[in-house]
Amino acid sequence: MVTLAPTHSDTHTNSIILNNISWNTFERILLETGDTRNNRFTYNQGILEIMTPLMPHEHNKRLLEKIIDTLVEELNLNVKSTGSLTCKREDLARGVEPDSSFYIQNEPIMRNKKTLDLTQDPPPDLVIEVDYASSSIDKLPIYLALGVPEVWRYDEPVMQIYSLSDGKYIPCNGSPTFANLPLNTEIPKFLAASLEVGEVAMIRNFRSWLKTQIENIK
């Protein structure tokens with residue numbers, strides 16, 4: 001029997017928890033709600049969370065996506081942005097829709113793919129979770145089970161980068177994907193500054209900082 005947990009809400013998200021949800025029911029909900037919905041689903045062995053992001057959450061997510069775009073451009077990396085792509089595996093009874101996801105190292109493999117089958121395809125190389133504390137389900141074990149190499153979790157004003165190593169996530173001072181730059185300390189500063197100078201100026205300032213960092217690496 002499906003049971004309904006109380007709704008959780010804050011200034012960033014609204015969410016609801018459903019218990020005793022079968023995998024087939026989860027798949028049917030995904031199919032019937034389609035790809036154009038605003039909700040994000042997280043499924044963990046019978047528990048389904050349905051989350052509706054609000055404006056502050058979406059604002060920070062978009063800014064982080066712009067920062068990723070700047071990083072791949074300045075570091076001359078290829079990227080396939082896959083957004084809130086549903087990452088799921090029936091054999092693990094787990095599924096998750098990150099706030100944003102990217103193929104970078106595996107971009108050549110996934111460039112022309114139109115669907116994702118995690119029994120055959122690699123998971124996204126990088127996923128982003130914003131306002132992580134708003135979620136009732138800890139997504140990190142799900143990403144670990146799926147084998148996602150790098151996870152960014154941003155709880156304003158703190159960002160943590162996790163890198164997969166020897167079957168567990170290790171907190172990092174920098175991003176392995178992006179030349180181990182100290183993004184976990186610097187990105188929150190730029191996000192906060194965007195409220196003062198605006199998004200365009202913030203990205204311009206971030207690009208200038210990034211160019212300096214790249215020159216120092218050479």
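Basis for what follows: all heavy atoms, side chains included, without hydrogens, waters or symmetry-related copies.
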Of all heavy-atom pairs linking V127 and P98, the shortest is CB-CB, 4.0 Å
Residues in side chain to side chain donor-acceptor pair (under 3.5 Å) with S175, at least two apart? E150
Any donor-acceptor pair under 3.5 Å from K80 side chain to E107 backbone: no
Between N24 and S22, a side-chain donor and acceptor under 3.5 Å: no
So which atom in L116 and which in C87 form the shortest heavy-atom distance, rounded to 0.1 Å? CD2-SG, 4.2 Å
Specify the closest pair of heavy atoms between L144 and G167, including all atoms of both residues, with the distance to one decimal. CD1-O, 3.5 Å
Would you say that L126 contacts Q105 through its side chain, given a criterion of any heavy-atom pair below 4.5 Å between the two side chains? no
Nearest non-hydrogen partners of S100 and E65, listed with the distance: OG-OE2, 2.7 Å
Point-to-point distance, once rounded to the nearest 0.5 Å, from OG1 of T52 to CG of N39: 3.5 Å
Check: N216/Q213 side-chain N/O donor and acceptor closer than 3.5 Å: no
What is the distance from atom CD1 of I50 to atom CG of N14, rounded to the nearest 0.5 Å? 12.5 Å
Would you name the heavy atoms of T33 and L30 that are closest together and state the gap between them? OG1-O, 3.3 Å
For V148 and V151, run side chain to side chain contact (heavy atoms under 4.5 Å, CB included): C-alpha distance rounded to whole Å, both residues' side-chain angles, the deciding distance at 0.1 Å, then the answer. CA-CA 7 Å; V148 174; V151 179; 4.2 Å; yes
Side-chain donor/acceptor of N180 to backbone N/O of G174, under 3.5 Å: no
Using the ring of each side chain (for Trp, its six-membered ring), is F206 parallel, tilted or perpendicular to F190, with breaks at 30° and 60°? perpendicular
Looking at P149, is its backbone amide N or carbonyl O close enough to the side chain of Y169 to form a donor-acceptor pair, meaning the two atoms are under 3.5 Å apart? no
Passes side chain to side chain contact (heavy atoms under 4.5 Å, CB included), L146 versus L92? Steps please. CA-CA 8 Å; L146 296 176; L92 301 175; 4.1 Å; yes
How about K113 and D121: do any of their side-chain heavy atoms sit closer than 4.5 Å? yes
Counting C-beta onward and ignoring hydrogens, is there a side-chain heavy-atom pair between I187 and I67 closer than 4.5 Å? yes
Walk me through it: do F178 and I68 pass the test side chain to side chain contact (heavy atoms under 4.5 Å, CB included)? CA-CA 9 Å; F178 300 116; I68 295 289; 3.8 Å; yes
Any chance CG of D69 has more than 12 other-residue heavy atoms, nucleotides or ligands included, within less than 6.0 Å? yes
I'd like to know if I214 and L71 are part of one continuous hydrophobic network [Ile/Leu/Val/Met/Phe/Trp/Tyr, side-chain heavy atoms within less than 4.5 Å]. yes
Could you check whether Y43 and R94, counting side-chain N and O atoms only, form a donor-acceptor pair closer than 3.5 Å? no
Measuring from L48:CG to N19:CG, what's the distance to the nearest 0.5 Å? 9.5 Å
H59 NE2 to L54 CG distance, which is reported to the nearest 0.5 Å: 14.0 Å
Give me the atom names and distance for the closest heavy-atom approach of S101 to G83. OG-O, 2.8 Å
Contact check, side chains of R153 and L140, non-hydrogen atoms, under 4.5 Å: yes
Could you verify whether a donor N or O on one side chain and an acceptor N or O on the other, from Y143 and E129, lie under 3.5 Å apart? yes
List the steps and the verdict of side chain to side chain contact (heavy atoms under 4.5 Å, CB included) for T86 and V96. CA-CA 6 Å; T86 305; V96 64; over 6 Å; no
With a sphere of 6.0 Å drawn around CG of N76, does it hold more than 12 non-hydrogen atoms of other residues, nucleotides or ligands? no
Given side chains that start at C-beta, do those of I170 and K168 come closer than 4.5 Å, heavy atoms only? yes
Shared hydrophobic cluster for I109 and L118 (ILVMFWY, side-chain gaps under 4.5 Å): yes
Would you be so kind as to tabulate the donor-acceptor pairs closer than 3.5 Å made by side chains of residues 194-204, with sequence neighbours excluded?
{"from": "S194", "atom 1": "OG", "to": "L191", "atom 2": "O", "distance (Å)": "2.6"}
{"from": "E199", "atom 1": "OE1", "to": "K66", "atom 2": "NZ", "distance (Å)": "2.6"}

From T82 OG1 over to M110 CE, what is the distance, rounded to the nearest 0.5 angstrom? 8.0 Å
Looking at side-chain heavy atoms only, is the closest gap between F102 and P124 below 4.5 Å? no
More than 12 heavy atoms of other residues, nucleotides or ligands under 6.0 Å from CG of D91: yes or no? yes
side-chain contact (heavy atoms from CB on, under 4.5 Å), paired with W152, selected from T177, I161, V130: I161
Any chance you could measure M159, atom CE, to Y154, atom OH, to the nearest 0.5 Å? 9.0 Å
Pairwise salt bridge (charged side-chain N to carboxylate O under 4.0 Å, His left out) hits with a residue in residues 36-48, at least two apart: R37-E97, R40-E58, R40-D99
Find out if a path of hydrophobic residues (ILVMFWY) with successive side-chain heavy-atom gaps under 4.5 Å connects F41 to L31. no
